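Working notes for the structure below.
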Amino acid sequence: MSEEEAIHVADVSEGIGGDATAEPGSPVELPVVDVLTGRSFITGKSGSGKSNTASVVIENLLSNGFPVMIVDTDGEYYGLKEEYEILHAGADDECDIVVSPEHAEKLATLALEQNVPIILDVSGYLEEDTANELLLEVVKQLFAKEKRMKKPFLLVIEECHEYIPEGGGMDETGKMLIKVGKRGRKHGLGIVGISQRPADVKKDFITQCDWLCWHRLTWDNDTKVVGRILGSKYASAVEDLGDGEAFLMTDWDESIRRIQFHRKETFDAGATPGLDDFERPELKSVSSDLVGELQSISDEKERRESEIADLKQELQKKDRRIADLERELEEARDLSDMADQFAQALLGKAEAPYRGGGRPPAGDERLGGTDDGDEGQSVLKSYDEAVAATEESDADAEAETDAAPGPGPSAADGGAEVDADAATGDAATGDAADVDATAADSADEPNPPDDVDPVTRDDVAESALRFDEAIELGTREAVIDELRSRIESLPELSRGMLRHYRREGASDPVAAHIDAGGDGDSGHAYSRHRPIRRVGLIRHAGRGSYAYAVPDLVREAYADRLDEAQVDEIVRAVERVFVPSAELDYPPDAAPAEVGDRAPAGDDEAEENTDTDAADGDEEPSAPTDAGLSDAARRFAERSER
């Protein structure tokens, strides 16, 4: 087809603005090249015929073998498929192929290189951003390819005011369409903008157009635009135009004509529905090869999305596992720190009076004093005082003490040496259990002084050799007093939760909180659960559960030298501070009728013995079995018996 050829789209109409040189009914033709490569604007109110005009132009181009791309915002151009083999691409199942921004390059290739007419239907996309991105990428690809190919091609944009508005700012899609309007002609890429409201369309676009078509308009703002561009007489006459009638302004012949456009020949999918039954025409199908090429892109996209989803799922699993391991590591660190502090406190308290020169009050056989409040209690009143006493010792005297082969000498009052026998004699009047018990009071100290080195259980027993008869109490009383002090320091609700863990073995904080008389709020439950966990009385059992840990603490204190009966005896002595006596000798799941209100047999006697030991400093408590002592402690016990 030569450049002089044109398409017949309308006839001259009578009335204001008619062509004086042509009779009414004379044909109106548009030059094909100017239509394909130019810039055009078609406007008119709803029902005035603007979409019909665009369809008539498109039908004529398709009939002559010229491909176009139509950006359909309302899904009303598929009727063209009644007569033409045109690719309908969009987001609906009714489309030949569902496309996304990944298909942009392929769509541009089909349109320009394979002469495939395309309806880009953006009406079915739920996300406006997706539709905008698709249009932006397609127009970019068309513009880039046309710079090389320079092939006449027409892009039709419905509702163009949504992309190139007069008022608000434009996004990247609008800027790209303006770029095509200004620079596309030199590359062969033409554009037609269609809108109901010319007042809402950016004037930079309208004033760049080579031909404009004004259908009926009635709003003042819109008619004012007509007056500014065509003249005042057209501003009044545009309100009286009939359906399909328009003022056509063209640059190639510098004329304004009043014309009547032809009716489109294909199915009018944009017509207002009536009462008659809607009959969808039989539509032509495109080549399966074309759809197959686009479908391969869709399949590849789905495969990538599936792989990404799988990778995200694996990443989430790994993140959850990392979080679990970090939580377990933190809990392990808490328990490790607590064990180190406990061991350092035991040794530091036991050695403090000898390293600092202190000795128990005369006539009192307990290093910590009696319950009557005598001065002996102040010697080991706190861990901090013991450390302070240690720091007052002379460094040389300390070194000499560490090197001594016998019972440890210590320095006091400026570093004077203490006779080893005297130190041993003083220690004999004390009670090693109370030394350890007083030391245990500071086991929760978060940051022990740097001069107290970490110790082992054998170190504690070796130090005990310096206290002669005090070894008879071993570490039993120290362990009991330490664990009791931890329990007594707990708030009442926290102790109730500890009783719950004792009964259940393993449970979760919310259940324990409710059982202790609290509410079901997880925040409250975990805040009252935290003090129990920090002092080690419960331990993490996995999956949000925690287990009762007092028996484990006893076993660890004796380095697993005790049999279960001995462990149970010490645990029972500890539990007296928070478990009612009626529960002590019954399993946690015992029925209430089995427990009753009475104390189990033997409890009164045990409590009486405990009270006697606590009140009478002159009476020696029974020594623990040898199973709970280290080798060093056992050797000293044998020496004492001889």
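Remember, it's a predicted structure, so these values are computed and weren't measured experimentally. Basis for what follows: all heavy atoms, side chains included, without hydrogens, waters or symmetry-related copies.
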- Between atom CD of E128 and atom CD of E162, what is the distance when rounded to the nearest 0.5 Å? 7.0 Å

- Item | Spacing of OG belonging to S51 relative to CD belonging to Q196, to within rounding of 0.5 Å | 8.0 Å

- Task: Report the distance from atom CG of L315 to atom CD1 of I308, rounding to the nearest 0.5 Å.
- Result: 12.5 Å

- Query: Side chain of E59, backbone of T266: donor and acceptor closer than 3.5 Å?
  - Reply: yes

- Query: Is there a donor-acceptor pair closer than 3.5 Å between any side-chain N or O of D334 and the backbone N or O of D337?
  - Reply: no

- Closest approach of E137 to A104 (non-hydrogen atoms, all atoms of both residues): CB-CB, 3.4 Å

- Query: Any idea which heavy atoms bring I16 and F247 closest together, and the distance?
  - Reply: O-CE2, 3.1 Å

- Task: Taking the side chain as every heavy atom from C-beta outward, state whether M176 and L135 have any atom pair closer than 4.5 Å.
- Result: no

- Heavy-atom donor-acceptor pair, D508 side chain to V510 backbone, under 3.5 Å: yes

- Item | Contacts of S123 that satisfy side chain to side chain contact (heavy atoms under 4.5 Å, CB included) - sequence neighbours left out | D92, D121

- Message: Taking the side chain as everything from C-beta on, heavy atoms only, tell me whether L294 gets closer than 4.5 Å to L110.
- Response: yes

- Would you check, one step at a time, whether the test side-chain contact (heavy atoms from CB on, under 4.5 Å) holds for L136 with N132? CA-CA 6 Å; L136 173 61; N132 278 352; over 6 Å; no

- Over all atoms of both residues, closest heavy-atom pair of P117 and P67: N-CB, 4.2 Å

- Message: For E307, give me all partners under side-chain hydrogen bond (donor to acceptor under 3.5 Å, both in side chains), at least two apart in sequence or on another chain.
- Response: R303

- Message: The criterion is side-chain hydrogen bond (donor to acceptor under 3.5 Å, both in side chains); which residues satisfy it with H215, sequence neighbours excluded?
- Response: T53

- Item | Validation row: H524, L493 side chains within 4.5 angstrom (heavy atoms) | no

- Distance, nearest 0.5 Å, that separates OG of S40 from CD of Q208: 13.5 Å

- Message: Going by the rule side-chain hydrogen bond (donor to acceptor under 3.5 Å, both in side chains), which residues pair with S236 if we only count those two or more places apart in sequence or in a different chain?
- Response: none

- Verdict with reasoning, I194 to C160, per side-chain contact (heavy atoms from CB on, under 4.5 Å): CA-CA 6 Å; I194 305 171; C160 65; 5.8 Å; no

What side-chain donor-acceptor pairs closer than 3.5 Å can you find for residues 321-328, not counting sequence neighbours?
residue	atom	partner	partner atom	Å
D324	OD1	R327	NH2	2.7

- Message: Are P198 and V226 packed together at the side-chain level, in the sense that at least one heavy-atom pair is separated by less than 4.5 angstrom?
- Response: no

- Item | Residue pair V99 / H103: nearest heavy atoms and the distance that separates them | CA-ND1, 3.6 Å

- Residue list, side chain to side chain contact (heavy atoms under 4.5 Å, CB included) with P24, at least two apart or on another chain: E14

- Mind checking side-chain hydrogen bond (donor to acceptor under 3.5 Å, both in side chains) for D72 and listing every partner two or more places apart, or none if nothing turns up? none

- Query: Pairs in or reaching into residues 240-249: which pass side chain to side chain donor-acceptor pair (under 3.5 Å), with residues at least two apart or in two chains?
  - Reply: S13-E245, R216-D243, E245-R258

- Yes or no on salt bridge (charged side-chain N to carboxylate O under 4.0 Å, His left out) for D222 and K45, after CA distance, side-chain angles and deciding distance? CA-CA 10 Å; D222 297 332; K45 68 181 299 182; over 6 Å; no

- Contact check, side chains of S195 and D200, non-hydrogen atoms, under 4.5 Å: no

- Distance-minimising heavy-atom pair for F267 and K264: O-NZ, 3.5 Å

- Query: How close do G496 and A516 get, heavy atom to heavy atom, and via which atoms?
  - Reply: C-CB, 3.5 Å

Solution key, residues 177-189 side-chain donor-acceptor pairs under 3.5 Å, sequence neighbours excluded:
residue	atom	partner	partner atom	Å
R185	NH1	D210	OD2	3.0
R185	NH2	D34	OD1	3.3

- NZ/NE/NH1/NH2 to OD/OE distance under 4.0 Å, K50 and E76: no

- Query: Hey, does Y548 have a side-chain heavy atom less than 4.5 Å from the side chain of S507?
  - Reply: no

- Can you find a heavy atom in the side chain of Y501 that is under 4.5 Å from one in the side chain of L537? no

- Message: Below 30° counts as parallel, above 60° as perpendicular, anything between as tilted: where do the rings of F41 and F205 land?
- Response: perpendicular

- Item | Any donor-acceptor N/O pair, K145 side chain to F143 backbone, under 3.5 Å | no

- Under the salt bridge (Lys or Arg N to Asp or Glu O under 4.0 Å) rule, collect the residues that match up with D11, sequence neighbours excluded. none

- Item | Side-chain heavy-atom pair V9, N60 within 4.5 angstrom cut-off | yes

- Query: In Å and rounded to the nearest 0.5 Å, what is the CE to CD1 distance from M69 to I157?
  - Reply: 9.0 Å

- Message: For I229 and W214: C-alpha separation, side-chain torsions, deciding distance, then whether side-chain contact (heavy atoms from CB on, under 4.5 Å) applies.
- Response: CA-CA 11 Å; I229 296 177; W214 305 86; 3.9 Å; yes

- Side chain S336, main chain A332, donor-acceptor under 3.5 Å: no

- Message: More than 12 heavy atoms of other residues, nucleotides or ligands under 6.0 Å from NZ of K147: yes or no?
- Response: no

- Please assess E159 against D74 for the test side-chain contact (heavy atoms from CB on, under 4.5 Å), listing each intermediate value before the final yes or no. CA-CA 9 Å; E159 305 295 347; D74 293 315; 3.7 Å; yes

- Query: Rounded to the nearest 0.5 Å, how far does CG of L134 lie from CG of L120?
  - Reply: 5.0 Å

- Message: I'd like to check the salt bridge (Lys or Arg N to Asp or Glu O under 4.0 Å) partners of D515; sequence neighbours left out, ordered by chain and number.
- Response: R503

- Item | More than 12 heavy atoms of other groups within 6.0 Å of D93 CG | no

- Task: Using the side chain to side chain donor-acceptor pair (under 3.5 Å) rule, take T223 and E239 through it: C-alpha gap first, then chi angles, then the decisive distance, then the call.
- Result: CA-CA 8 Å; T223 58; E239 299 183 27; 4.5 Å; no

- Note on the structure: Contacts of R320 meeting salt bridge (Lys or Arg N to Asp or Glu O under 4.0 Å) (sequence neighbours excluded), chain-then-number -> none

- Query: Does CD belonging to E265 count more than 12 external heavy atoms closer than 6.0 Å?
  - Reply: no

- Item | Neighbour count above 12 (heavy atom, 6.0 Å) for W252 CH2 | yes

